[in-house]
Structure formats: structure tokens, C-alpha cells
Amino acid sequence: MSAPVLKLVAQRIAMGLLLLLAVSVLIFAGTQILPGDVAQSILGQSATPQALENLRRDMGLNDPAYIRYLRWLGGILTGDLGTALSSGQDIATSLKERLWNTLFLAFWAAVVSIPLAIMLGLLAVRYRNGFVDKLISGLGLASTSLPEFFTGYLLIYFVAVRLQWFPSVSTVYEGMPLGERLSAIALPVTVLTLVVLAHMMRMTRAAILNVMQSAYIETAELKGLSPLQIITRHAFPNAIAPIVNVVMLNLAFLVVGVVVVEVIFVYPGMGQYLVDHVAKRDVPVVQACGLVFAAVYISLNIIADIVAIVSNPRLRHPK
């Protein structure tokens, strides 16, 4: 890679790290202003004031906020996410399996949605302004307009309860055969696919149509190439950068936006884990989950930026 490309890549990575640091400050500050008392939620309403004070002191809740933040940040940098207040379990150990489950769900949603979105985008361009284009756009907008919880409950009622094709509760466990695991996540994967499909399809269509205005496309048309050949061989490869950007943004959503879907289908992922511990006022778990979600989102956006930089011929081959 040329020096300008390396410089831009280094800048994107540095900006991502600074952004993650800023997000950690916001997450910590946000959890500190949440209503309720951790010590009270652990000991119950019948706890004496002295018992509450002793527990707050033992957990370091009486220390200044900046001391608690630096202690928390130092633990993260050494791989220590802390201990769950409600259960006493190591958060990093608990998150490891939960994060894997969420990534597994997001991966299969991406495997289904990305090729389907690109294919529909190519078809929409091939038959632009025709019946097929309008049908694809209309169905895409209809699917993305429905809230996730509504789509999820519809699938549970019709597909799981009435037709009994797939289970309504997406229970997975360690050592579960792949076939059974895929059957268990079929409904949440369908919901996630419907959520991100329209956006990726429309952005693919827009990116390819933008390239279709180029002079070399006219040259390809004059050579007698078919519309499909022009789109797949000439337009699509030159529209990769914006398409990769929108794909990465939707991948980030698939990872960090699964909270509602995981709760609906009782899926043992990061979202369900976060919701469970928000109800318990377990601040260390909420902070750790928020930071992991932020790190995944920022990392995928950095990857999208790097791909866009590397795929730009004007940066790879400066004059």
C-alpha cells in the first residue's frame, strides 16, 4: 500500500480508539445516573442502613466517580471486566459464551441477507423503473416498516404455533448439533434478515445506478454487451466501496441491534444477558455489555472505512 493509504488507515484506527474511549466515558456516566440503588437491590427493602452502608463501602460505591471510572478502565485494559454484583460470577467468562451466541446469530442473518440484498439490488437495476423494480422496492419497504417485535410475534404465531415448523423459543446450548442450532435460530434470523434487507438492497441499487452514469458504461453498451453483463462485469465491481460500507453498517446493526429479537425469542445472547441485568440494576454487567457492543460497532465501521480507502484507485495509485 502507498504512504497516503497507510496514513489514512492509521488515522481511522486512531479515531476509532479515541471514539471508543469517549464511549466508555459516556457508558460509565450513564450508568451512574440510573435510578435505584445497587446495594438496595442486592440486600432487599428490609436491609438496615448500616448494612447498606457496609455493602456500598465494600463495593467501592462511596469512592469518587473518576476513581471508579479509572479502576474500571484499568480492569478492561487488563482483560478484567469485573464481577456481576447479582451473582458474583466473572463477567468476562459469562460474556464469552453470550457473545459467541450473538455473533452466531448475526453471522447466519448476514449469510442470508447480504447475498439476497445484492441479488435483489442487481435485479432492481436490471429492470429499473419496471414492475420487478417497483415490486422489490415495495416489498422491501413493507418489511423494514414493521417493528421487529411485531414481525417476531407474527412469525411465532403463524410459523411456530400454527404450522409448527420451527420452535418459538430459540434455546441453544454448548455441544448442540449444528442442524438443531440452525433450526432453533431460524425465526430470529428471519426477523433480522427482514430488518436489514431493504436498506442494503436499496443502497446496492443506488450505488450501481450511480456508476451506470459513467462514460465507460456507455462504451460497454456501444460494444453490444447485454444489460446484465454491463451490470455484473462493469458497474457492480466499481460500486463495491459504497456497498461494502452499507453492508458493514448493517452487520454492526445485526450484532448490536439484536436486543429486542433475543428477548422475544428468549435467545441466550448478549441482548438477553443485558436486559436481565438491567432489571437487577447490575451496573458492572450493563457497563461491560455496552462497551462490548460499542467496540463491535466501531470496529466494523473502521473496517468499512479501510475497505473504502483501499478500494479507491486514486489513493492506491496517486499521481
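Just so it is clear, the values below take in all heavy atoms, side chains as well, and ignore hydrogens, waters and symmetry mates.
Closest heavy-atom contact between L95 and C289: CD2-SG, 3.8 Å. For the pair V172 and P268, the tightest heavy-atom approach, listed with the atom from each and the gap, is CG2-CG, 3.6 Å. Contact between V112 and L116 at its shortest, heavy atoms only, is O-CB, 3.3 Å. Minimum heavy-atom separation, T193 to S113: CG2-CB, 3.8 Å. The two residues A117 and M200 have their closest heavy-atom pair at CB-CB, 3.6 Å. When every heavy atom of I302 is checked against every heavy atom of G16, the shortest pair comes out as CD1-CA, 3.6 Å.
Annotation: the span from R205 atom CZ to L120 atom CG amounts to 12.0 Å, rounded to 0.5 Å. Put simply, CG on L99 and CZ on F293 are 8.0 Å apart, with the number rounded to the nearest 0.5 Å. Rounded to the nearest 0.5 Å, atoms CG (L70) and CG (L77) are 10.5 Å apart. Remark: L192 CG to T151 OG1 distance equals 10.5 Å, nearest 0.5 Å. Atom CG of L19 and atom CD1 of I298 lie 4.0 Å apart (nearest 0.5 Å). Here the CD-OG distance, from E262 to S170, works out to 9.5 Å after rounding to the nearest 0.5 Å.
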Candidate pair I185 and F265, rule side-chain contact (heavy atoms from CB on, under 4.5 Å), full reasoning: CA-CA 9 Å; I185 67 170; F265 293 98; over 6 Å; no
Worked check of side-chain contact (heavy atoms from CB on, under 4.5 Å) between V285 and L274: CA-CA 7 Å; V285 174; L274 173 62; 5.8 Å; no
L187 vs I264, side-chain contact (heavy atoms from CB on, under 4.5 Å): CA-CA, chis, key distance, verdict: CA-CA 10 Å; L187 295 186; I264 290 173; over 6 Å; no
Derivation of the side-chain contact (heavy atoms from CB on, under 4.5 Å) call for V196 and H199: CA-CA 6 Å; V196 301; H199 185 218; 5.9 Å; no
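By the criterion of side-chain heavy atoms lying less than 4.5 angstrom apart, applied directly or through intervening Ile, Leu, Val, Met, Phe, Trp or Tyr residues, V260 is grouped together with V296 in one hydrophobic cluster. Residues I76 and V25 are members of one and the same hydrophobic cluster, defined by side-chain heavy-atom contacts under 4.5 angstrom among Ile, Leu, Val, Met, Phe, Trp and Tyr. Side-chain heavy atoms closer than 4.5 Å link hydrophobic residues (I, L, V, M, F, W, Y) into clusters, and following such links, even through other members, never connects L194 to F107. A chain of hydrophobic side-chain contacts below 4.5 Å, direct or via other Ile, Leu, Val, Met, Phe, Trp or Tyr residues, connects Y267 to L178. If you chain together hydrophobic residues whose side chains sit under 4.5 Å apart, F150 and L139 never meet in one group.
Using a 30° and 60° split on the angle between ring planes, W100 and F104 fall in the tilted class, from 30° to 60°.
Atom CZ of R181 has more than 12 heavy atoms from other residues, nucleotides or ligands within 6.0 Å. In this structure, M15 places its CE atom where only 12 or fewer heavy-atom neighbours from other residues, nucleotides or ligands lie under 6.0 Å away.
Side-chain contact between I91 and P284 is present, with at least one heavy-atom pair separated by less than 4.5 Å. Within the 4.5 Å cutoff, the side chain of L122 has heavy atoms near those of the I118 side chain.
A donor-acceptor pair is defined here as one N or O able to donate and one able to accept, closer than 3.5 Å; such a pair exists between the side chain of T102 and the backbone of M270. A donor-acceptor distance shorter than 3.5 angstrom exists from the side chain of T190 to the backbone of A186, with no hydrogens or angles considered.
Residues passing the ring-ring contact (aromatic ring centres under 6.0 Å, His included) test with Y69 are F28, sequence neighbours excluded. Partners of Y273 by ring-ring contact (aromatic ring centres under 6.0 Å, His included), not counting sequence neighbours, listed by chain and number: H277.
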